[in-house]
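Throughout, a chain's letter reflects where its sequence line sits, starting with A, and its residues are numbered from 1.
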Amino acid sequence: MATLATEIMSDWPADDRRTFEARVAEQRARLYRIALAVLRDPGEAEDVAQDALVRACRRRSALREIERFDAWIGRIVYRLALNRWRQRSRRQVRETAWAAPRPVETDGERVATQRVLVGEILDAVDRLPEKLRVALRLAAVEGLDSIAIGEILDVPPATVRSRIHLARKKLLETLA
Amino acid sequence: MSCDDRIDAIRDLAAGGEATTELLAHLETCAVCRRRLEEDRATLARLDEALAAEINAAPQANATPWLAVAAALVLAVVGWWALRPGPVIDTELPSIAEWRSPTSGLLETPNQELLEETPSFGGYDFFERR
């Protein structure tokens, strides 16, 4: 666990500390994947997952039931990742406003390989509205079903399923 | 209703929605719409694969390029060490006039002259054969 988190936990009762560490160890990979699903950047995802652990340690009192730990820390990491994604998007908008326009690609120049197509699909996902994009990408995280995603996003599971469906349909429209 | 009018319903079906009886009946008879549905489903299958591959890679996988670079560096250093050129050995023998024994330098001390001039004890040259 992060050194800072260890420092924060140093004055916790031993039992609390052991329980917390055990839950974090179970959730570590999942937290990283949630961050990666939102951010698409492994380095930033690592940072956000670590930051989430530190914040979780500091705000332990906000967790009323340890059974809710997974959803609670999942939501922390999701919110941190989303904040970072928004900051990055705003920065990119500012930077691309001054950049030269990309040359238009003709059909003849297009390399029709699987790799290029997959890249196009993932880029199209990034252009989806935020709610649809996040729901679609979180659905790809191993072990996250619509209930777990709903807990992270704070919406009912039916809303999650509806957003995923809309995202997939909109993607087909974009790629057509 | 033409095939183009059914595009939205076909996308909806491919994305996981439910088809109307009318659409199902049309798909039975229209090869163009069937192909469109298959293409949409294939695109979404590629999407699912790409997202799963991108998101579910283990965090440690990010370290792999660094490990590879580190391993390559170690191999390069070891290889260079093993294959490096040895010290240059002069294989040309000096002429007899220049040749000196390996120990001859030992006599070249600052006090060499003094030693040569030092008389033997009692005028007796120990090394002189009589």
Donor-acceptor contact present, side-chain B:Asn56 to main-chain A:Ala140, <3.5 Å: yes
Side-chain donor-acceptor distances from residues 121-128 of chain A under 3.5 Å, at least two apart:
| from | atom 1 | to | atom 2 | distance (Å) |
| --- | --- | --- | --- | --- |
| A:Asp126 | OD2 | A:Arg40 | NH1 | 2.7 |

Closest heavy-atom pair and its distance - A:Arg137, B:Ile55: O-CD1, 3.3 Å
Which portion of A:Leu166 sits near chain B, non-hydrogen atoms under 4.5 angstrom: neither
Residues of residues 25-44 of chain B contacting chain A, heavy-atom criterion under 4.5 Å, by residue number: B:Asp40, B:Thr43, B:Leu44
Euclidean distance, A:Arg33 CZ relative to B:Glu54 CD, rounded to 0.5 Å: 13.0 Å
Straight-line distance of A:Leu172 CG to B:Ile7 CD1, nearest 0.5 Å: 11.5 Å
Single-linkage hydrophobic cluster A:Leu171~B:Ile10, side-chain heavy atoms < 4.5 angstrom: no
A:Lys169 versus B:Ala15, closest heavy-atom pair with distance: N-CB, 3.8 Å
Proximity breakdown for A:Leu175 and chain B, heavy-atom pairs closer than 4.5 Å: side chain
Single-linkage hydrophobic cluster B:Leu13~B:Leu47, side-chain heavy atoms < 4.5 angstrom: no
